[in-house]
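These notes are about the structure you will find just below.
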Amino acid sequence: MFLDDSLSHIPHPDWLSDGPLTPLVPPFITRLRSQHYADRTVIAYVNCLAHFGFWLKNKGLEQSSISPALIKRFLQHHLPNCHCPAPCRSVGSDMPAALKHLLKCFPQNGISQPTIAEPIARELERFGAYLSNTCGVAPVTRNRRMHDMGAFLSHQFGEQAPVTAQISGEQLEAYISQLGSHLRPASLRTVCNSLRSYLRYRALLGEPTAVLSNALPKIADWRHTALPKVLSDKELSAFLAAFDCTDPMGQRDYAIARCLVDLGLRGQEVTDLTLESIDWHRAVLTINGTKSKRVQKLPLPEFTGEAIAQYLRHGRPQTNNRLLFVRHRAPFGISLSVSAIRNSMNRAFVRCGLRDRYCNTHVLRRTAATRLQQAGTSVKAIADILRHQSLDTVRVYVRVDLDTLRAVALPWPGGQS
């Protein structure tokens, strides 16, 4: 017998008490309760779970069959043509959210995915350790490179152990050409970077890989042919005025916006900020979640500090969570995700009428860098503030702005003034 009264509100409790989802119901409800979802939301999600459980049972599927692909099949193919006994919960917005929580109830925070051949998996594990311990790359970058190399090594060797000496430059070119038929240039550059990183790893082990590295094609990069798109002073003022600082969530989002604009923080760096990250006496902000895994201290600008202080005094809900920016709606007690920050900034762009020109949070980081450059800050200082290890990354901000140059250029002799 389940220990939650929410089950007394569903029309078909037998769909959960006698089916493949029976063992998952208690942890499913416990998860929702621990994140402070409202009672009506818990009941709605449990009803969704019952509908999914009934479908699984009718299809003769067991709990081991549940996967993201199976859930996608249920949402896209069954729900639009559902003939299950009424009443059953089929609300489009509730069902995906409920089944997303269901996946979180499985061991290791999800469902195991099909694995590649064991020899290649061991090689990828060693490559991942090299990326983390020697190169110090961020987990997202490490996982991406391991994914790219897993695809290449599986394509090249199947279930056999990978041997670098058996890879030829012609095979690398053929593989990249094959990917070029369906990948965009930016994605293709990422794959090439992953392959180069792997070849550097093998070179450290004493294998000659210079010829293979030279065989990788150079993918044209047209992103830096124009100056980066940034907010003008007028647009920036309109953007910052789009937040309702009388509302707790508005205070939170405004403080986040100031961190992005004034300090050029990345979205992940904002989510990792804690109450201990700020030294109010010295006006210093400590960043722990950088891509390079280095702890960095930045001066806390006055407007940024005021916005954060206002949020802490009047907007932040009571919680035991030590993260600086937290959710104001269920699930409570957890930090904001990067996507939540991105969405809040996009809503601000909509309110100030700039949504057709700007989106995402990176334009705010570029704006911060450009404002530093216009104020006469050196390239090295901009790189330090933005936490870039290479000066090449910030060269885009110091290229000549022809429109600004025309305003100060002397007239050409004999030309029209």
Side-chain angles (χ1 to χ4, degrees), residues 1-114 249 271 317 319 321 326-344 346-347:
M1 185 66 183
F2 299 121
L3 302 177
D4 196 282
D5 59 1
S6 60
L7 289 162
S8 62
H9 297 277
I10 66 174
H12 302 289
D14 55 304
W15 288 2
L16 287 176
S17 61
D18 182 21
L21 296 183
T22 301
L24 296 175
V25 177
F28 178 81
I29 297 178
T30 300
R31 174 181 172 80
L32 297 178
R33 295 292 187 194
S34 66
Q35 296 183 353
H36 305 286
Y37 278 94
D39 289 341
R40 61 181 182 181
T41 304
V42 174
I43 294 172
Y45 285 5
V46 169
N47 271 285
C48 292
L49 194 68
H51 186 181
F52 182 59
F54 179 78
W55 178 78
L56 289 175
K57 187 175 181 179
N58 277 356
K59 292 290 183 180
L61 299 173
E62 299 297 330
Q63 183 186 129
S64 58
S65 302
I66 299 175
S67 68
L70 183 68
I71 289 177
K72 184 178 181 180
R73 172 186 163 194
F74 172 77
L75 295 174
Q76 295 185 355
H77 299 286
H78 171 71
L79 285 187
N81 306 290
C82 177
H83 297 292
C84 296
C88 61
R89 187 78 176 184
S90 301
V91 178
S93 58
D94 286 350
M95 188 65 75
L99 297 184
K100 182 178 180 180
H101 284 287
L102 174 65
L103 288 177
K104 299 291 185 179
C105 294
F106 282 82
Q108 297 181 350
N109 205 23
I111 302 215
S112 60
Q113 299 297 318
M249 288 183 61
T271 64
T319 174
N321 196 328
V326 296
R327 288 181 59 93
H328 287 229
R329 296 174 180 171
F332 296 102
I334 62 175
S335 67
L336 284 177
S337 64
V338 175
S339 60
I341 292 177
R342 183 187 309 118
N343 292 337
S344 65
N346 285 340
R347 288 192 292 269

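Just so it is clear, the values below take in all heavy atoms, side chains as well, and ignore hydrogens, waters and symmetry mates. Note that the structure is a prediction, hence the values are computed from the model and not measured. Start at 1 with the first residue, then count along the sequence.
Of all heavy-atom pairs spanning Leu336 and Thr271, the tightest one is O-CG2, 3.2 Å. Contact between Pro20 and Pro23 at its shortest, heavy atoms only, is O-CD, 3.7 Å. Taking both residues in full, the closest heavy atoms of Pro26 and Thr22 are given as CD-O, 3.6 Å, listed atom of the first, atom of the second, then distance. Of all non-hydrogen atoms in Cys105 and Leu24, the two that sit nearest each other are O-CD2, 4.4 Å.
Side-chain atoms of Trp15 and Lys57, non-hydrogen and from C-beta on, never get closer than 4.5 Å to each other. The closest side-chain heavy-atom distance from Leu21 to Phe28 is not below 4.5 Å. Contact annotation: the side chain of His51 never approaches that of Leu16 to less than 4.5 Å [non-hydrogen atoms, C-beta and beyond]. In this structure, Leu75 and Leu99 have side chains that are in contact, with non-hydrogen atoms separated by less than 4.5 Å.
Residues passing the side chain to side chain contact (heavy atoms under 4.5 Å, CB included) test with Thr30, sequence neighbours excluded: none. Evaluation of the side chain to side chain contact (heavy atoms under 4.5 Å, CB included) rule for Lys59 yields Trp55, Leu61, Arg73 as partners, not counting sequence neighbours. Evaluation of the side chain to side chain contact (heavy atoms under 4.5 Å, CB included) rule for Arg347 yields Asn343, Ser344, Arg351 as partners, not counting sequence neighbours.
Note that CG of Leu49 is 9.0 Å distant from CE of Met95, once rounded to the nearest 0.5 Å. For the atom pair CG of Leu79 and CZ of Phe52, the computed distance is 10.0 Å after rounding to the nearest 0.5 Å. Atom CG of residue Leu32 and atom NE2 of residue His101 lie 5.5 Å apart, to the nearest 0.5 angstrom. To the nearest 0.5 Å, atoms CD1 (Ile66) and CG (Leu103) are separated by 8.0 Å. Note that the CG atom of Leu56 and the CD atom of Gln63 stand 9.5 Å from one another [nearest 0.5 Å]. How far CG of Leu70 is from NE2 of His78: 11.5 Å, rounded to the nearest 0.5 Å.
Taking the six-membered ring where the residue is Trp, Tyr37 and Tyr45 present tilted rings, their angle falling between 30° and 60°.
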